[in-house]
A.B. asks: 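I have a structure here, written as structure tokens, and I will follow up with some questions on it.
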Amino acid sequence: MVIFTYRNYSGNSKALAERCLKQLLKKDVYISYYGDGKPYVVDEDLYISISHTYKDIVIAISEKEVGIDIEYKKSRHYQTIADNMLKKDILDIDDFYREWTKHEAQFKHGGENGSFAYFDLFKDTQTTVFSEDKEYKFIPMETFIE
């Protein structure tokens with residue numbers, strides 16, 4: 001799995017993901033969306049998941065189903081959200097963001113088969129991946145954009 005990362009991005013995430021695919025595959029590749037909003041790579045046996053928080057973005061591309069989520073850790077009343085959405089007790093703000101990104105990554109994946117991996121890619125963020133793919137290669141998009 002390749003995970004593209006970018007800090008301080010303010011453009012179109014679909015266009016950026018297509019640039020990442022072009023960088024990876026050395027050809028133009030397009031992304032479309034299922035009716036539920038989940039992206040897919042047109043005419044390729046690849047899976048893609050895109051997440052952004054403020055101006056930070058991560059794009060996971062894999063040969064296996066994948067879900068990724070990134071969240072900026074900000075102060076908030078996390079226990080109320082955890083009670084209503086996650087239906088569990090949370091120890092602290094870091095535990096909340098770990099559980100929230102787990103929930104989102106698995107939802108984006110769309111299934112049960114996989115395992116979680118956790119990354120602190122940017123200061124004050126939590127990134128979680130859910131997939132059967134357990135090999136990760138990180139590529140900062142600044143290496144081919146700008």
A.B. asks: Is there a path from V41 to Y47 through hydrophobic residues (I, L, V, M, F, W, Y) whose side chains come within less than 4.5 Å of each other?
C.D. replies: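 No.
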
A.B. asks: If only atom types and distance count, is the side chain of Y9 paired as donor or acceptor with the main-chain N or O of N12 below 3.5 Å?
C.D. replies: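 Yes; at least one donor-acceptor contact below 3.5 Å.
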
A.B. asks: Any chance the side chains of S51 and D69 put a donor and an acceptor closer than 3.5 Å?
C.D. replies: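 The answer is yes; a qualifying pair exists.
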
A.B. asks: Measure the OH-CG distance between Y6 and L16 for me, rounded to the nearest 0.5 Å.
C.D. replies: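 Rounded to the nearest 0.5 Å, the OH-CG separation comes out at 8.0 Å.
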
A.B. asks: OG1 of T101 to CD of Q126: how many Å apart, nearest 0.5 Å?
C.D. replies: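 It comes to 4.5 Å.
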
A.B. asks: Check whether any side-chain heavy atom of F4 lies under 4.5 Å from a side-chain heavy atom of L24, and answer yes or no.
C.D. replies: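 Answer yes - side chains close enough.
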
A.B. asks: With no hydrogens and no angle check, is any side-chain donor or acceptor of T125 less than 3.5 Å from a backbone partner on E71?
C.D. replies: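 Such a contact is absent between T125 side chain and E71 backbone.
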
A.B. asks: Please answer whether the main-chain N or O of I68 pairs with a side-chain N or O of S49 as donor and acceptor at a distance below 3.5 Å.
C.D. replies: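 Present.
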
A.B. asks: Looking at E104, E132, K38, E65, which hits side chain to side chain contact (heavy atoms under 4.5 Å, CB included) with H109?
C.D. replies: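 Only one option passes, and that is E65.
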
A.B. asks: Are I3 and T127 close enough that some pair of their side-chain heavy atoms sits under 4.5 Å apart?
C.D. replies: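 A side-chain contact is absent here, since even the closest heavy-atom pair is not under 4.5 Å.
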
A.B. asks: Spell out, yes or no, whether I61 and F138 are grouped together once hydrophobic residues are joined by side-chain heavy atoms under 4.5 Å, including indirect joins.
C.D. replies: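 No; tracing contacts between hydrophobic side chains, which count when under 4.5 Å, never links both residues.
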
A.B. asks: Would you say that E63 contacts D133 through its side chain, given a criterion of any heavy-atom pair below 4.5 Å between the two side chains?
C.D. replies: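 Sidechains of D133 and E63: no contact.
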
A.B. asks: What heavy-atom pair brings R19 and F144 nearest, and what distance separates the two atoms?
C.D. replies: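 Answer, listing the atom of R19 first, then F144: NH2-O, 3.8 Å.
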
A.B. asks: Can you tell me if CG on D36 sees more than 12 non-hydrogen neighbours from other groups inside 6.0 Å?
C.D. replies: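 Yes, enclosed.
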
A.B. asks: Would you say NZ of K14 has more than 12 non-hydrogen atoms from neighbouring residues, nucleotides or ligands within 6.0 angstrom?
C.D. replies: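 Above 12, so yes.
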
A.B. asks: Tell me the closest heavy-atom pair linking F130 and G111, and the distance in Å.
C.D. replies: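 Heavy-atom minimum between the residues: CE2-O, 3.6 Å.
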
A.B. asks: Can a salt bridge be assigned to the pair K22 and E18 using a cut-off of 4.0 Å between side-chain N and carboxylate O?
C.D. replies: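 Not counted as a salt bridge, because no side-chain N and carboxylate O are separated by less than 4.0 Å.
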
A.B. asks: Let me know which of D56, D124, D94 forms a salt bridge (charged side-chain N to carboxylate O under 4.0 Å, His left out) with K73.
C.D. replies: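 For K73, the salt bridge (charged side-chain N to carboxylate O under 4.0 Å, His left out) test succeeds with only one of D56, D124, D94, which is D94.
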
A.B. asks: State whether the number of non-hydrogen atoms from other residues, nucleotides or ligands found under 6.0 Å of D92 atom CG is greater than 12.
C.D. replies: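 Count over threshold, so yes.
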
A.B. asks: Taking all atoms of both residues into account, what is the closest heavy-atom pair of P39 and Y34, and its distance?
C.D. replies: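 Scanning both residues, the minimum pair turns out to be O-CE1, 4.4 Å.
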
A.B. asks: Does G67 offer a backbone N or O that forms a donor-acceptor pair with the side chain of Q106 under 3.5 Å?
C.D. replies: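 Flag not set: sc Q106 to bb G67 has no pair under 3.5 Å.
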
A.B. asks: Please indicate whether K123 has more than 12 foreign heavy atoms, meaning atoms of other residues, nucleotides or ligands, lying under 6.0 Å from its NZ.
C.D. replies: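 Check fails, neighbour count at 12 or below.
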
A.B. asks: Quick one: does any side-chain atom of K108 pair with a main-chain N or O of I50 as donor and acceptor, under 3.5 Å?
C.D. replies: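 Looks like yes, one N/O pair under 3.5 Å.
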
A.B. asks: Please enumerate all residues that pass salt bridge (Lys or Arg N to Asp or Glu O under 4.0 Å) together with K74, with sequence neighbours excluded.
C.D. replies: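 Here no residue qualifies.
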
A.B. asks: Give a yes or no on this: more than 12 heavy atoms of other residues, nucleotides or ligands lie within 6.0 Å of atom NE2 of H52.
C.D. replies: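 Atom NE2 in H52 is not packed in, count stays at 12 or less.
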
A.B. asks: Mark yes when over 12 heavy atoms from residues, nucleotides or ligands other than Y78 sit less than 6.0 Å from its OH; otherwise mark no.
C.D. replies: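 Correct, the count exceeds 12.
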
A.B. asks: Please check if the number of heavy atoms outside F107 that lie under 6.0 Å from its CZ is greater than 12.
C.D. replies: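 12 or below, so no.
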
